[in-house]
Structures are given as structure tokens and as C-alpha cells.
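Heads up, the thing below is written out as C-alpha cells.
Chain letters run A, B, ... following the sequence lines, proteins first and then strands; every chain starts at 1.
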Amino acid sequence: MMETRNKFEKVFRCDLQEISDMLNSCMDYVEQSRVLTNDLTEDVRSRFKWVMTELLTNAIKHSGVPECAVLIVNDQKKLVLEKADKGLPLAIKLENGGKKVSWPLESITPPVEFEIYQNGIESLRLSAPSTTRAVFSVEEMESSGNPMISELTTEHFGLLILTKASDAFEYEYESQTGTNTFRCIFNLKPDGNEASV
Amino acid sequence: MILHTNEVDGVIQVTILPEEANLSNSELFKEEMISLMVNGAKLIIVSFENVNYIDSSFLGSLVVALKYALPRNIDIYLVSLKPDVHNLLTLIRMDKVFKIYKDHQTALETLR
């Protein structure tokens, strides 16, 4: 483990029993690191914790490797949370036609944008500016109804939480080392009011 | 067992026992909920009073249980959600899919 005022790094063993300890270490660090600036609101704290848990759960469910690295960069105006591993690259099943897209992109020429799934009131989207990057976003749809529960609704809850709870969420595949990095950014404001999502 | 179950006047009241509702217990939750429905439950009131944290896996199981319930005219109500849990459901719009009440009493009052 490496910890300074601006940076926190720790290896996570991909085991369910380890989530709680890892979560507590990271939350303690984040709390302590923002004491002086007093800009960690309850809202950011909750969103950070949801995202952290989803990243660790994803590592257990999908990476296929025994450990991953967690990095928190404590910037002046933002918190950057990264999870990196050398396991299986990102692969996403799309709702439309059930096609599966995996990284690095091979048969698709970037830049390209996909809809991962939609529930009638919002659409979870992905843009790929290059063959090795994916940037996630959620678009509101013009509907006042309730969300539909489709085949893929539950499969993408994790991605939906990561995308909506972060101010920015992206994935990058490093071809030379085979490293997958998931990066989440949380904007902070010095007066204690976080930037709106 | 992840649920404490109690039947009062034909209404199944269940309480999720663990403080963390996550990948480690989501499958069991789903099985126990479906088992209650297979055994004839028509309304299940699920209390989250012990739950401090919920993740996407558990939310997924909750929705699978609802998907099983809907075509069979079974209702699932959620009660006693702590703010963090309620906020996560709101974030992914599941507050629009489930009937959520403050507590058991309030949920039961809607039936009168």
C-alpha cells in the first residue's frame, strides 16, 4: 500500500470477503484527505462508495485474475478513482440484437457510439473514440413513464451505477501491457457543494 | 437463510438479515423470494431495516423477483430503506418500479 496526501494505492485481492476492508481503507483515506478543504459532501461520499463497491465487485465477477490495483488521486478540484487489472478486457452485450462488443475493438472502426441498453426513460450509451477507449454516458429520453424492465436491465445495473454516480466514467485498454483501467471522476467544489452530475 | 419471514393476515413480511446486501447473498435472496411466491404468497413486504448497503447484484435479484411476481399478480413492497439505499434505488430509477413505503405499518395502511 502507498499513501500520500495526494495519492492512495492498494492491491485488492479479488475476494468477496475483502470488499469491506478495502472499502473502509479507501473511504478513510478520502475522508482524511479532504479534511483541510472541507469539500467532501454526503452526496459525493455516497456516490464514491457506490462506485468503489461496483468496481471491486466487477473485478471479482469479470476480471478473471486474483488481484487488481486501486488508485485514488486526490486532486484540488476532483477525486479520481482507478481500478486496474491485467485480466479479461471489457466485453459488453448490447441490447439491440444481442451483439457483444469487446476491447480492443477489432471489427469496428472508431470513433463510434453504441446504445448499451435503454429502459424507455434513459439510455446507457458508450462512445469509443479509439480502439482502446470507451466513455460511458446516460441520456435522458423524452418520456414521463416508468422504466421498463428488459432482459438486460439487471445485467447492466453495475455499469449504470458507475456511469450515473460518477461525474465521468471511462475504460481504457493498454495493449502493450494488457492492462484494463476503469477510471471514475468526482468533481468537487471548494465551498463544499459538489458539481452537479 | 437471508430472510426472516413472518405471516400476518395473509401478508408475508420478510426482513433482510445482513447489513450488506451484495453479491455474497444476492442469489440466496432471489431463491428465498421465489420460494415464498411458489408457496402462495400474494403480497411480500420486504424490510430493509438492517441493510446499510446494497449493490448492483442484489438490486438485480430484487428485480428478478419482481419480474417473477408481476405476471402472477403478486405484489412486492419495499419498506424501511435507509437513505443511502433509497438514494441508490432512485439513482437507477428503481424507485419508479417498486412500491416503496416508510415502514410495515404504512405499507399495510395502503391495503385498507
Could you verify whether a donor N or O on one side chain and an acceptor N or O on the other, from [X] and [Y], lie under 3.5 Å apart?
| X | Y | answer |
| --- | --- | --- |
| A:Thr181 | A:Glu172 | no |
| A:Ser25 | A:Asp28 | no |
| A:Asn74 | A:Asn6 | no |

Most contacts with chain A, counted as non-hydrogen pairs under 4.5 angstrom, among [options]:
| options | answer |
| --- | --- |
| B:Glu20, B:Lys67, B:Met94, B:Arg93 | B:Arg93 |
| B:Asp55, B:Val63, B:Ile92 | B:Ile92 |
| B:Asn22, B:Leu23, B:Asn87 | B:Leu23 |

Taking NZ, NE, NH1 and NH2 as the nitrogens, is one of them in A:Arg13 or A:Glu67 under 4.0 Å from a carboxylate oxygen of the other?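 Looking at A:Arg13 and A:Glu67, the cut-off is not met.
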Between B:Lys42 and B:Asp75, does any NZ, NE, NH1 or NH2 come within less than 4.0 Å of an OD or OE carboxylate oxygen?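 Looking at B:Asp75 and B:Lys42, the cut-off is not met.
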Relative to chain B, which segment of [X] carries a heavy atom at a distance below 4.5 Å: side chain, backbone, both, or neither?
| X | result |
| --- | --- |
| A:Glu122 | side chain |
| A:Ile60 | side chain |
| A:Ile161 | both |

Report the relative orientation of the aromatic rings in A:Tyr171 and A:Trp103; use parallel for angles under 30°, tilted for 30 to 60°, perpendicular for over 60°.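 Aromatic pair A:Tyr171/A:Trp103 classed perpendicular.
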For B:Leu66, is it the side chain, the backbone, both or neither that has a heavy atom under 4.5 Å from a heavy atom of chain A?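 Answer is side chain: those atoms of B:Leu66 sit under 4.5 Å from chain A.
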